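Inspection log for the structure reproduced underneath, given as structure tokens.
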2 protein chains.
Amino acid sequence: MRPEPTVRPVPDEIAPRAREIVSAARELLEEEGTEGLSMRRLAERLGIRAPSIYKHLPSKQALEAVLISEGFAEWAELAEQAVRDSDDPLPALGRAYRRFAQSHPHLYRLMTEQALARDMLTPGIEARAARPVIEAAGGDPDLARALWAFAHGMVILELDGRFPDGSDLDRTWRQGAAAFA
Amino acid sequence: MRPEPTVRPVPDEIAPRAREIVSAARELLEEEGTEGLSMRRLAERLGIRAPSIYKHLPSKQALEAVLISEGFAEWAELAEQAVRDSDDPLPALGRAYRRFAQSHPHLYRLMTEQALARDMLTPGIEARAARPVIEAAGGDPDLARALWAFAHGMVILELDGRFPDGSDLDRTWRQGAAAFA
DNA sequence: GTCTATAGTGGGATAGAC
DNA sequence: GTCTATCCCACTATAGAC
């Protein structure tokens, strides 16, 4: 049995007001990025003062952990659907991954550009997000990590504008999928 | 002819005092990371006050551009050497890349985790850093980008502690090199 | 549930004297 | 080349009144 995490950000049944705050935080994140996600600006968006948020959520880190958990859940949905709807799962997963990151670039950064506070996440959500990729890798977790590394590298370098303008990234994605097939 | 960059961070022949400041900044970066690299802390390390730095370097961004340019030059040296010393360039480049990132993790983050201020870099240095990889990709720049994405993904996910503890990352690197061979 | 007030910490950058 | 003084910005978080 896996022990229960020692720190929990928010009750399993999240309180209604906390729910509203998290939703506003998600909007703020999507619109202004991780740097724009401050407690002051979040409060401003809610029409309250920053200290009031702390009556509903214990810390900024806990708030981020909720957003990250929801991001993993959304990715898991998309990944499971991509596998269901395709008979060539690996490139389908790649396309879904790229689409997810590009649809929510700031959420994607929040989810990936830091160490994971695993104790604060929804239990089991990281494993659920990983499962479709591991299955596409024929059950080999090391190979699954290679796939993830390629996809993450492609996505984050594209988001950061690191590839030159003329780059044919569609072709590069296909080359990667072919290499790992 | 390529036009000269419109903004230059530091004269080509860098002044001696500026040289000392950049060296101290490199030490500070390596020891305390990108977040620890502030003008105040840098000044403290030099035994002066922060405003004095601005008599030698125009901005923090210019200082970072010098550090990034030097990082590219160091990587280029290592990459060129790895290709010279091996008759299987692709895995050798991968090992060199991983070693470079792990030897200078904070410099590596500074070099990769943001948009590149290309106008402020040493002219030509980005192309020189990319050349060995493009040659290992048989001259195909799109394939070279796939290689880079895989390597960067592996490195940055490892630096961020995103892979589970039991991961066999040596094996994953080999799998990646084999896939792209 | 929200408020005011405030603590404490950090940051980049500039003006002008010496 | 360095200094003091200062500006402005930002942030998380807490105490205690209402």
Side-chain angles (χ1 to χ4, degrees), chain A residues 7-11 13-68 106 109-110 113-115 117 119-120, chain B residues 7-11 13-68 106 109-110 113-115 117 119-120:
Chain A
V7 183
R8 293 297 300 284
V10 175
E13 290 300 320
I14 195 170
R17 187 56 172 147
R19 181 69 262 152
E20 292 171 13
I21 294 173
V22 169
S23 297
R26 173 67 180 267
E27 286 179 21
L28 180 57
L29 172 66
E30 302 262 12
E31 290 170 24
E32 313 209 11
T34 48
E35 303 215 333
L37 181 61
S38 78
M39 301 303 260
R40 286 179 208 263
R41 294 177 70 81
L42 175 56
E44 189 183 353
R45 180 171 287 248
L46 287 158
I48 63 178
R49 306 288 169 177
S52 304
I53 298 173
Y54 291 88
K55 300 288 185 183
H56 306 279
L57 295 165
S59 66
K60 191 188 182 190
Q61 202 194 7
L63 169 65
E64 290 180 346
V66 178
L67 294 172
I68 291 169
H106 299 302
R109 286 184 193 278
L110 184 69
E113 286 194 320
Q114 57 182 320
D119 278 355
M120 306 185 81
Chain B
V7 184
R8 293 298 298 286
V10 176
E13 290 300 318
I14 195 170
R17 187 55 172 147
R19 181 69 261 150
E20 292 171 14
I21 294 173
V22 170
S23 297
R26 173 69 179 266
E27 286 179 23
L28 179 57
L29 172 66
E30 303 262 12
E31 290 169 24
E32 315 209 10
T34 49
E35 302 216 333
L37 180 61
S38 77
M39 300 303 261
R40 285 173 171 25
R41 293 178 70 84
L42 175 56
E44 190 182 354
R45 179 171 285 248
L46 288 158
I48 63 178
R49 305 290 169 175
S52 305
I53 297 173
Y54 290 88
K55 300 289 185 182
H56 306 278
L57 295 165
S59 67
K60 190 187 182 191
Q61 202 193 9
L63 168 65
E64 289 180 346
V66 178
L67 294 171
I68 291 169
H106 299 301
R109 287 184 194 277
L110 185 68
E113 286 194 319
Q114 56 181 320
D119 278 356
M120 306 184 81

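For the numbers below, each heavy atom of this structure counts, side chains included, while hydrogens, waters and symmetry mates do not. Just so it is clear: chains get the letters A, B, ... in the order the sequence lines come, proteins before strands, and each one is counted from 1. Fair warning: this is a prediction, and the values are worked out from it, not measured in the lab.
For DNA chain D, the span of nucleotides reached by chain A at under 4.0 Å from its heavy atoms goes, 5' to 3', from dC11(D) to dG16(D).
Here Glu64(A) contributes atom CD and Leu57(A) contributes atom CG; the two are 11.5 Å apart, rounded to the nearest 0.5 Å. Distance check, rounded to the nearest 0.5 Å: OG1 of Thr34(A) to CD of Glu113(A) gives 7.0 Å. The line from CG of Leu29(A) to CG of Leu110(A) is 5.5 Å long, rounded to the nearest 0.5 Å. Rounding to the nearest 0.5 Å places CD of Glu35(A) at 11.5 Å from CZ of Arg41(A). Atoms CD1 and NE2, on Ile14(B) and His56(B) in that order, are 11.5 Å from each other to the nearest 0.5 Å.
Residue Lys55(A) is classed as a base contact, given a heavy-atom separation below 4.0 Å to a base.
With rounding to whole Å, Lys60(B) atom NZ is found 14 Å from dG10(C) atom P. Rounded to an integer number of Å, the gap from Tyr54(A) OH to dT6(C) C1' is 14 Å.
Residues from residues 43-53 of chain A placing a heavy atom under 4.0 Å of any atom in DNA chain C, listed by number, are Gly47(A), Ile48(A), Arg49(A), Pro51(A), Ser52(A). Contacts with DNA chain D (heavy atom under 4.0 Å) in residues 31-41 of chain B: none are found.
Considering all non-hydrogen atoms of both residues, Ser59(A) and Ala62(A) come closest at OG-N, 3.1 Å. Closest non-hydrogen pair, Met39(B) versus Ala50(B), comes out as O-CB, 3.8 Å.
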Donor-acceptor pairs under 3.5 Å, side chain of residues 19-26 of chain A to any protein atom, not counting sequence neighbours: which ones?
from     : atom 1 : to       : atom 2 : distance (Å)
Arg19(A) : NH1    : Glu70(A) : OE2    : 3.0
Arg19(A) : NH2    : Glu70(A) : OE2    : 3.1
Glu20(A) : OE1    : Arg17(A) : NH1    : 2.5
Ser23(A) : OG     : Arg19(A) : O      : 3.1
Arg26(A) : NE     : Glu30(A) : OE2    : 2.5
Arg26(A) : NH1    : Glu74(A) : OE2    : 2.8
Arg26(A) : NH2    : Glu30(A) : OE2    : 3.0
Arg26(A) : NH2    : Glu74(A) : OE1    : 3.0

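For the salt bridge (charged side-chain N to carboxylate O under 4.0 Å, His left out) condition, the pairs that include at least one residue of residues 44-55 of chain B, sequence neighbours left out, are Glu27(B)-Arg45(B), Glu31(B)-Arg45(B).
Looking at heavy atoms from C-beta onward, Leu37(A) lies in side-chain contact with Leu67(A) at the 4.5 angstrom threshold.
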